[in-house]
Structure formats: structure tokens, C-alpha cells
Amino acid sequence: MSTIESSVSSILLDRVAEWLTNSSLAGDELENIVRGFCERLTSAGLPLARVHLSFSMLHPLYDALSFTWRRASGVTIEGFRMPAGQKPDRFLQSPYYYLLDNNLQHIRRRLMHDGPNEFPIFEDLRKDSITDYLAFVQPFGDGSVQGMMGSWSTDNNTGFSDDMIDALLRMQNHLAVAAKMAVLGKLANNMLTTYLGGDAGKRVLNGQIRRGDGETIRAALVMGDMRESTMYAEKEGRQAYIDTLNQFFDAIAAPFNRNGGEILSFLGDGFLAVYPCGRHKDPSKIACEAALSAVHQAQARVAELNRDREQKGLTRIGYGIGLHVGNVMFGNVGLKDRLTFSAFGSAVNEVQRLQILTKKYGREVVASQAFAGYCGGEWTTLGEEKLRGIRQKVTVLQPRAPAPAINVDESFREAVQNGLSEAEQVILLHRDAKKHVERTSMEKFIQ
């Protein structure tokens, strides 16, 4: 620990505030804003050893983002999802809950080496030689469910001076403005990515928003569907059926959202995925092979899910997958004031009808001759079919060789066992390369 003079340069703090404004106007991500802000505050003379900031988020998969900056190691990030109807004990015993429960904006505590631990987090902070702790709550507006909670900590021998606290409170307001802009930007991206998909969401954010905006692309197409969903709905009831459907999608659909593929839409108990590619042989081959590889992964994951369901006395889930390749129109269709971004055209209709043929042939996976030709390998011809709206008959095939042994993702196996979806487990959030397994997301959120 060291002793820092109490005076703080107003000129340097003004530069930090100016940097925050410029970062907001430039649309910087929240992580970059937090990291740059903390580093600039210490450069301005504030003896910060640790900063913790949590931002409530409107997102389908998590409730908050938590950033912890340490002078020695930089920023770590965690996503957090509050268990439904629960407030963990550690949160109830945290300074943040104390602030919320007592309708306070700030709480400051000097941490003596041998003093009592008013909150459990203080024991951890003392191990890091923290001497002074200042926590705060900052709403993003009256009545808003979004906001910022955080804490400033120092290992300075004399703690925070009044000048330092004044500087932190002043800069806290500037940070809140910049963070709100970043949160709103991330919210727009989160919503569009979650509901439209990654590529479609980017297209909309980049201005492709008018009815009729779009283009024709070539793509490998995957159409998947759950079997006997009506029976599940009638037998299990509404909520149990929704849970079953989400388990099914986690198992079968997730592999098609990787390696160049994208889930474009969910259609009742089915889904459409696309693997965009160039119009020549090699790009088409790569796209079709990627789609078939995802099929093998999906089959292994559904098998894992069904083993777990059988152990619990539940019915196995059946499915059918159709594979095709062709040109599709990709863009906005609908009403002038109510649009959807999707793929449509004859190739989409064909892959849907191929998927339906899995029922006729009693197979889990069927493909068109065009798709099988690009993939190579061994295929069994099932027959020729006249698809509605298609002039020529279509040859329907099935992969002859059994799917190769696939190692099911450990995250998915854990998700099946504990009842959480894979998306909820992974939270679709990048993390620092080094993951500290000794602390839970909840513990990091409330520090």
C-alpha cells in the first residue's frame, strides 16, 4: 500500500469526461468504455485498486453485465441471470442490496485490517489490502428498470480523501451517461441478433429496413422439425410443452448457428437455417459439408437429450431434417409497418417439403440430389418425388454411412442435467481467457 496526496487535478478529470463523451458519440462498446475510464482515472491521480460496475440489461438470456477492473490485471466480464423468484443469500448480504433496501445512493466504509465484516465481500477485499470502499446506485432515469450499480475501492493507506470522493461522484455521472448510450446500443444489437439472427440483425442495423430491401443469395438450407408436437402439447400442458420445445431446439438447432450457419427463423416447432455461400462449386461444397457436419452434431445431441429424458421417465423426442442447396431471396417482406426479415423462394419451399418426406420414408435425415452431390460420400437413394410446385421430380437421398462418433459439448451435457438451456448456460457472452472457477457469476455481480 502507498500514500497518495489528496489533491486531484480538475484539468485531467475534464479530459476523462471529454473522452467519455467522444467514446459515446463513436458508439464504443461498454467493455471498452469501462476499461478506458478506469485506466484514465488512475492516470489522473485517483488511487483506484479495484472498480466493480454492474449494468442491468434488457436481454432474453441474462439480466445484467458485470465488469470488474483491477489495477494489476485489467477487466473481467460476467453475465448474470437471476434465478426466477429467488434472491441468493450472498446478494441479500451485499452492500448493493443494503443500498436498494434502504433507498440510498451511496455507502462508504473504511476497512480496517482487523475490523468486523459488515458484508461478506469485505473479507475478500481485505485480502486484497483494500482500505476504503464506496458503493453506489445510479438509475438511468426515473422509472427506468435499467441502471448502474458499482463500487470504488482503494488500497491507499489513508483511504479516499474528500477531494477524491468528490471527483469520483462527479465522474460517476459522466460514466452513467456514456454507459447508458452503450447499453442502449447493445440492447438494439441484442434484440435484433436474438430475434432475427446475427447476419440479419446486422443488415437491419446497417439500414436494410424498408419493405423489399434484400438480395438473392446462394445457400445450403436446413429445415428441422419436431415430431408429434401436438401430442406433447396435449399430454404435457402448455408450460411443460414449451420447456420440451426449448430443450429440443437447444439440442438440434444450436449446431446450425455456428461455422458459417445461422438460424434464420423458428417456425412453430421447426426451424430454418442457412449457410450462405458463393455460386461456384467450391463454396457450395464447403457450405453443404458444414451443414452435414452440424447434422451429425445435432443427432448426437438429441440422442443425449433422449437418454436423459428416458431416465426421467419422459417420452423420447423424434425429429426430421431436410437438406437442400439453392438460390434464395433474403430480405424484408410483410406490411409497410410490420416486417419480417427472412429467406424465401422456391429453394425454401423445396427444403420444407424434403423435411416432410422424412415422415414418409421413416428417416431422420433426407437430402436432395443437389445437396448430396456437393457433399460427396455415400448416400442411399430413397426414391423420386414430385414436389408441389416443382416441374421435375426430385431425387431423395439419405446418408448411407452412420454418423461418426461425436463428442457432445460438455456445456450441453451439463445443461441437460441441470435443466438450464445451453443458451442460458453460455449466456452468449465472451469472457476473459482465464476463468476463475472458484467464484460464481452471482458473487462477481454483487461485489
Side-chain angles (χ1 to χ4, degrees), residues 12-44 46 48 50-71 74-82 94-97 99-100 104-107 133-153 164-194 205 427-432 441 444-447:
L12 293 179
L13 289 180
D14 287 342
R15 292 292 184 269
V16 178
E18 182 180 350
W19 176 84
L20 279 174
T21 299
N22 292 334
S23 296
S24 299
L25 293 175
D28 280 358
E29 293 186 357
L30 192 53
E31 177 185 353
N32 295 332
I33 289 175
V34 170
R35 177 183 287 108
F37 176 73
C38 294
E39 291 173 350
R40 283 165 174 78
L41 281 186
T42 58
S43 296
L46 284 164
L48 295 171
R50 180 183 178 280
V51 177
H52 181 262
L53 299 168
S54 293
F55 302 90
S56 57
M57 302 288 291
L58 180 58
H59 191 283
L61 303 180
Y62 52 85
D63 297 323
L65 285 178
S66 173
F67 299 82
T68 302
W69 175 88
R70 291 180 175 85
R71 186 175 58 223
V75 175
T76 57
I77 308 169
E78 289 293 332
F80 168 73
R81 189 168 192 257
M82 179 75 79
S94 71
Y96 293 164
Y97 184 79
L99 286 170
L100 296 171
L104 300 174
Q105 290 183 317
H106 304 93
I107 176 175
Y133 174 89
L134 176 63
F136 65 87
V137 174
Q138 178 93 42
F140 283 169
D142 293 338
S144 173
V145 298
Q146 297 178 342
M148 175 175 70
M149 292 192 296
S151 63
W152 316 101
S153 302
M164 293 175 184
I165 293 176
D166 180 68
L168 287 172
L169 296 183
R170 180 157 66 92
M171 297 309 298
Q172 175 186 312
N173 290 328
H174 291 287
L175 175 62
V177 173
K180 181 176 182 179
M181 295 296 293
V183 166
L184 291 176
K186 191 170 185 62
L187 168 62
N189 183 71
N190 287 342
M191 293 296 102
L192 289 172
T193 299
T194 300
L205 280 175
I427 318 176
L428 301 181
L429 179 70
H430 69 281
R431 299 171 187 257
D432 285 4
S441 296
K444 293 184 179 181
F445 174 73
I446 62 177
Q447 294 172 1

[X] versus [Y]: any side-chain heavy-atom pair under 4.5 Å?
X    : Y    : value
L99  : M149 : no
L104 : V137 : no
I107 : Y96  : no
H106 : Q172 : yes
L168 : L48  : yes
T21  : H174 : no
L41  : V16  : yes
L175 : I33  : yes

Open item on the list: Can you list everything that forms a ring-ring contact (aromatic ring centres under 6.0 Å, His included) with F37? Sequence neighbours excluded, please.
Closed with: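 In terms of ring-ring contact (aromatic ring centres under 6.0 Å, His included), with neighbours along the sequence ignored, F37 is linked to no residue.
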- [ ] Not counting sequence neighbours, which residues clear side chain to side chain donor-acceptor pair (under 3.5 Å) with R71? List them please.
- [x] D155
Open item on the list: How long is the straight-line distance from CG of L46 back to CZ of R40, given to the nearest 0.5 Å?
Closed with: 14.5 Å
Open item on the list: I need the L20 CG to D28 CG distance, nearest 0.5 Å.
Closed with: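 Nearest 0.5 Å value for the CG-CG distance: 10.0 Å.
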- [ ] Decide side chain to side chain contact (heavy atoms under 4.5 Å, CB included) for F67 and R35; before the verdict, give the C-alpha distance in whole Å, the side-chain angles of both, and the deciding distance to 0.1 Å.
- [x] CA-CA 9 Å; F67 299 82; R35 177 183 287 108; over 6 Å; no
TODO: Would you name the heavy atoms of L12 and S43 that are closest together and state the gap between them?
DONE: CD1-O, 4.4 Å
- [ ] Quick one: closest heavy-atom pair of S151 and R50, and the distance?
- [x]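 Residues S151 and R50, closest heavy atoms: OG-NH1, 3.8 Å.
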Task: Which residues share a salt bridge (charged side-chain N to carboxylate O under 4.0 Å, His left out) with D14, sequence neighbours left out - done: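 Only R170 meet the salt bridge (charged side-chain N to carboxylate O under 4.0 Å, His left out) criterion with D14.
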